[in-house]
Amino acid sequence: MGIVGNLSPDQLHSFNSQGYFVIESFASAEDIDAMRKRMDQLLHDFDCSASASIFSTKNQQQSTDNYFYESVEKISFFFEEKAFGNDGELQQPKELSINKVGHALHELDPVFKGFSYSEKVSSLFSSLGYKRPIIIQSMYIFKQPGIGGEVVPHQDNSFLYTEPPTCTGLWLALEDATITNGCLWAIPGSQKNGLVRRFIRGEGGVTFDRPSPEYDQKDFVPIEVKAGSLVVIHGDLIHQSFENQSSKSRHAYSLHVVDTDGCKWAQDNWIRRKVEAEPLYVSSSDLKFDL
């Protein structure tokens, strides 16, 4: 497949030096409208009485269950920690209670697949030198008004590890992301220090192989972006987001991509696929690995 890279030298330099860069107007207004309307329909059809799985980055070892594991190849719904009252009932409508939907929107839903497998996404990864990239997971993130949970400082390579490391994150703003409603924050250049810890899946569940380092909040810078902007994130970049305590949501669509040419997927990653993922494209050699 003849995919031509579309990134500029300045964008590539920013990615290598800062660990991230922003492409404004990456998604059109029509793209955004289609994804938001489709998610509205998915939420409408979701029977919340059948699942009450809560997602938290503060307590991932305890909150990870079979529903989470099986979401790798499904469209699954995860609630905010603060969505439920002491009586165990939702405090607000389900549409305002969901933390995220994942992790196979890009495979199973035609609207999200159309965007995820678009030529502009493939061209981006061609610019980054990927030979046989696959989308390993996708997420629609809501950052609900008032209860949108904090995402603690982390690196994407911790969760989606290959040898050598190849994970790159794409974070598409479906609404304006500001300091007020929980935009991304990152430590520029932190990717140069390498991976600090891994999230390991064993027989007893999942756990980090070492404690999180302490980070100085003064080192983080906000990444405020307009709807339609794409943030491209190096797998070793330290990034986070704070709780959304405002009255405005901060919807986003996120993809994580790894290369499968000359790389080995770590068998102790939390993701264990039963069916091999379809690559965005194949160039050069075609050295596959098993997920």
Side-chain angles (χ1 to χ4, degrees), residues 1-32 35 106 112 114-139 141 153-157 160 162 164-179 183-195 219-241 250 252-263 279-284:
M1 187 172 180
I3 298 294
V4 178
N6 61 358
L7 297 181
S8 69
D10 286 346
Q11 288 170 325
L12 291 171
H13 174 74
S14 180
F15 184 71
N16 292 323
S17 62
Q18 300 298 302
Y20 70 94
F21 63 93
V22 176
I23 304 176
E24 296 180 353
S25 302
F26 186 85
S28 67
E30 291 76 19
D31 289 334
I32 295 170
M35 284 188 272
H106 65 285
F112 288 97
F115 176 84
S116 305
Y117 281 84
S118 63
E119 185 173 348
K120 57 188 173 184
V121 170
S122 294
S123 295
L124 188 158
F125 283 96
S126 179
S127 291
L128 294 176
Y130 282 62
K131 301 300 184 184
R132 191 179 184 275
I134 65 166
I135 302 170
I136 197 66
Q137 68 174 23
S138 55
M139 297 178 286
I141 307 166
H154 67 282
Q155 299 167 296
D156 293 335
N157 273 329
L160 308 167
T162 63
T166 62
C167 182
T168 294
L170 302 184
W171 191 93
L172 178 71
L174 299 176
E175 296 181 294
D176 293 352
T178 68
I179 291 176
C183 69
L184 296 177
W185 293 69
I187 302 178
S190 57
Q191 84 285 354
K192 296 178 182 179
N193 298 323
L195 188 62
D219 293 334
F220 286 87
V221 300
I223 308 175
E224 294 188 288
V225 294
K226 294 291 186 181
S229 296
L230 183 76
V231 187
V232 183
I233 303 171
H234 190 287
D236 281 343
L237 182 75
I238 305 294
H239 59 290
Q240 66 176 347
S241 66
R250 191 226 63 189
Y253 180 55
S254 175
L255 300 171
H256 290 98
V257 174
V258 298
D259 209 349
T260 60
D261 186 324
C263 308
L280 287 172
Y281 60 84
V282 178
S283 63
S284 183

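Hydrogens, waters and symmetry mates play no part in the numbers below; they use all other heavy atoms, side chains included.
The salt bridge (Lys or Arg N to Asp or Glu O under 4.0 Å) test applied to Glu224 returns no partner, not counting sequence neighbours. Applying the ring-ring contact (aromatic ring centres under 6.0 Å, His included) test to His106 and every residue at least two apart in sequence or in another chain returns nothing. Taking the side chain to side chain donor-acceptor pair (under 3.5 Å) definition, one finds that Lys120 meets it with Asp31, sequence neighbours left out. Shown here are the ring-ring contact (aromatic ring centres under 6.0 Å, His included) partners of Phe115, two or more places apart in sequence or in another chain: there are none. Taking His234 as the reference, Phe15 meet the ring-ring contact (aromatic ring centres under 6.0 Å, His included) condition, with sequence neighbours excluded. Every residue two or more places apart in sequence or in another chain was checked for a salt bridge (Lys or Arg N to Asp or Glu O under 4.0 Å) with Asp236, and none qualifies. When the side chain to side chain donor-acceptor pair (under 3.5 Å) test is applied to Gln191, no partner is found at least two apart in sequence or on another chain. Listed by chain and residue number, nothing satisfies the ring-ring contact (aromatic ring centres under 6.0 Å, His included) test with Tyr20 (two or more places apart in sequence, or in another chain). Annotation: side chain to side chain donor-acceptor pair (under 3.5 Å) contacts of Glu175 (sequence neighbours excluded): Arg36, Ser249. Glu30 meets the side chain to side chain contact (heavy atoms under 4.5 Å, CB included) test with Ser28; sequence neighbours excluded. Applying the salt bridge (Lys or Arg N to Asp or Glu O under 4.0 Å) rule to Lys226 yields the partners Asp176; only residues at least two apart in sequence or on another chain are considered. Under the side chain to side chain donor-acceptor pair (under 3.5 Å) criterion, Ser229 pairs with no residue at all, not counting sequence neighbours.
Atom CE in Met35 sits 5.5 Å away from atom CG in Leu174 (nearest 0.5 Å). Going from atom NE2 of His13 over to atom CG of Leu7 covers 14.5 Å, rounded to the nearest 0.5 Å. Taking OH of Tyr281 as the reference point, atom NZ of Lys131 lies at 8.0 Å (rounded to 0.5 Å). From Trp185, atom CH2 reaches atom CD1 of Ile179 across 4.5 Å, with rounding to the nearest 0.5 Å. Considering CG of Asn6 and CD1 of Ile23, their distance stands at 6.5 Å, rounded to 0.5 Å. Atom CG of Leu255 and atom CD1 of Ile233 lie 11.0 Å apart (nearest 0.5 Å).
The two residues Pro133 and Phe125 have their closest heavy-atom pair at CG-CB, 4.4 Å. Nearest heavy atoms, Ala27 versus Leu172: CB-CD1, 3.7 Å. The heavy-atom pair separating Thr166 from Cys263 by the smallest distance is CG2-SG, 3.5 Å. Considering all non-hydrogen atoms of both residues, Asn16 and Lys192 come closest at O-CE, 3.8 Å. Residues Trp171 and Ala177 approach most closely at CH2-CB, 3.9 Å, considering heavy atoms. Smallest separation of non-hydrogen atoms from Pro188 and Asp219: CD-O, 3.8 Å.
Counting heavy atoms from C-beta on, the side chains of Leu195 and Pro165 never come closer than 4.5 Å. Under the 4.5 Å side-chain criterion, counting only non-hydrogen atoms from C-beta, Ser138 is not in contact with Phe112. No side-chain heavy atom of Leu184 sits under 4.5 Å from any side-chain heavy atom of Val225. For the pair Ser127 and Gln11, the minimum side-chain heavy-atom distance is 4.5 Å or more. Within the 4.5 Å cutoff, no side-chain heavy atoms of Val121 are placed close to those of Val257. Counting heavy atoms from C-beta outward, Thr168 and Asp156 have side chains that stay 4.5 Å or more apart. The shortest side-chain heavy-atom distance between Thr178 and Cys183 does not fall under the 4.5 Å cut-off. Within the 4.5 Å cutoff, side-chain heavy atoms of Ser190 are placed close to those of Leu237.
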Evaluate the side-chain contact (heavy atoms from CB on, under 4.5 Å) criterion for residues Tyr117 and Leu280: first the C-alpha distance (whole Å), next the side-chain angles of each, then the deciding distance (0.1 Å), finally the verdict.
CA-CA 6 Å; Tyr117 281 84; Leu280 287 172; 3.6 Å; yes
For the pair His154 and Ile238, evaluate side-chain contact (heavy atoms from CB on, under 4.5 Å) and give the outcome as yes or no after the intermediate values.
CA-CA 5 Å; His154 67 282; Ile238 305 294; over 6 Å; no
Apply side-chain contact (heavy atoms from CB on, under 4.5 Å) to Leu170 and Phe26, showing your working.
CA-CA 11 Å; Leu170 302 184; Phe26 186 85; 5.9 Å; no
Carefully, step by step, assess Asp259 and Thr162 under the rule side-chain contact (heavy atoms from CB on, under 4.5 Å).
CA-CA 8 Å; Asp259 209 349; Thr162 63; over 6 Å; no
